[in-house]
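Down below is the structure, laid out as structure tokens.
All of these numbers come straight from a predicted model, not from anything done at the bench.
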Amino acid sequence: MKKIKNIIIIFIIILLTLLITTKSYAETQINIISDKREIQKDEEINIKVEITEAEIAAFTLEIYWDSTILEYIKGPENSNYTNNRIIYTWVSNTGRNQQDLETEQFRFKVLKEENANIAVLGEFYNEDGKKLEIDNTNIELEVKKNENKTTETEEEIKQTRSK
């Protein structure tokens, strides 16, 4: 009888341990979301950053990109553009942790017909001031070549040569 009671207690402890640790296995992610999958030169594109599966009370993001390919147009009020990077800061209004956060949009203009990478790094803190470890992320935007412009340019060259 005593052995059965001990086995049941051990089973309950193991079950509780598994249930408690299951939540810690949920993977925190930073996602960069673009309003367009494919873009062309001279088009504008909006991106936003989404942070999931984390209890956060404040964070600062640094957004990097190749400024020869993308031109920064504008972003949210709580962002600052300096030295070819954006610094974006957010703090919970209540000072309490919040989950599944999303920034406002950042607008860029495509300058070249080359694929563009945008990288996001961040520092994240919970309501107790403890720093959270969340992996950085990046996205590659595919810039399509404008076939019409190429054809027009080839036609102009042919016409110039024939003169």
Checklist entry - Measuring from Phe59:CZ to Glu123:CD, what's the distance to the nearest 0.5 Å? => result 12.5 Å
Checklist entry - Mind checking whether Thr103 and Trp90 have side chains closer than 4.5 Å, heavy atoms only? => result no
Checklist entry - Say you draw a straight line from CD of Glu50 to CD of Gln29; how long is it, rounded to the nearest 0.5 Å? => result 8.5 Å
Item to check | Non-hydrogen atoms of Gly95 and Ala57 that approach each other most closely | outcome: O-CB, 4.0 Å
Next on the checklist: Which heavy atom of Ser34 sits nearest to which heavy atom of Ile139, and what is that distance?
Outcome noted: CB-CD1, 4.4 Å
Item to check | Flag side-chain contact, heavy atom, 4.5 Å: Arg107 against Ile45 | outcome: no
Item to check | Residue of the set Leu101, Val91, Asn126 for which side-chain contact (heavy atoms from CB on, under 4.5 Å) holds with Ile56 | outcome: Leu101
Item to check | Minimum-distance pair of heavy atoms, taken over all atoms of Gly75 and Phe106 | outcome: CA-CD2, 4.0 Å
Next on the checklist: So, taking the atom named CD in Glu44 and the one named CG in Asp35, what distance separates them when rounded to the nearest 0.5 Å?
Outcome noted: 10.0 Å
Item to check | Minimum heavy-atom distance between Glu113 and Lys41, given as atom pair plus value | outcome: CG-CB, 3.9 Å
Next on the checklist: Are Thr137 and Asn31 packed together at the side-chain level, in the sense that at least one heavy-atom pair is separated by less than 4.5 angstrom?
Outcome noted: no
Item to check | Spacing of CZ belonging to Arg85 relative to CG belonging to Asn80, to within rounding of 0.5 Å | outcome: 9.0 Å
Checklist entry - If only atom types and distance count, is the side chain of Asp100 paired as donor or acceptor with the main-chain N or O of Glu53 below 3.5 Å? => result yes
Next on the checklist: Show the nearest heavy-atom pair for residues Glu43 and Ile39, with the distance to one decimal.
Outcome noted: OE1-CA, 3.2 Å
Item to check | Single hit among Ile118, Ile47, Val143, Leu111 for side-chain contact (heavy atoms from CB on, under 4.5 Å) with Leu70 | outcome: Ile118
Next on the checklist: Under a 3.5 Å cutoff, is there a donor and acceptor pairing between the side chains of Asn115 and Glu140?
Outcome noted: yes
Checklist entry - Can you tell if the side chain of Asp135 reaches within under 4.5 Å of the side chain of Ile30, non-hydrogen atoms only? => result no
Item to check | Lys36 side-chain N/O to Leu141 backbone N/O, donor-acceptor pair under 3.5 Å | outcome: no
Checklist entry - Do Trp65 and Val120 come within less than 4.5 Å of each other through their side chains, counting heavy atoms only? => result no
Checklist entry - If you draw a 6.0 Å radius around CG in Asn83, do more than 12 non-hydrogen atoms from other residues or ligands fall strictly inside? => result no
Checklist entry - So, Tyr81 and Asn84: side-chain donor and acceptor under 3.5 Å apart, yes or no? => result yes
Next on the checklist: Could you measure the distance from the CG atom of Asn97 to the CG atom of Leu132? Nearest 0.5 Å is fine.
Outcome noted: 7.5 Å
Next on the checklist: Give me the atom names and distance for the closest heavy-atom approach of Glu104 to Lys48.
Outcome noted: O-CB, 3.8 Å
Next on the checklist: Are Tyr72 and Val110 linked, directly or through intermediate hydrophobic residues, by side-chain heavy-atom contacts shorter than 4.5 Å (ILVMFWY only)?
Outcome noted: yes
Next on the checklist: To the nearest 0.5 Å, what is the distance between CD1 on Ile51 and CD on Gln98?
Outcome noted: 11.0 Å
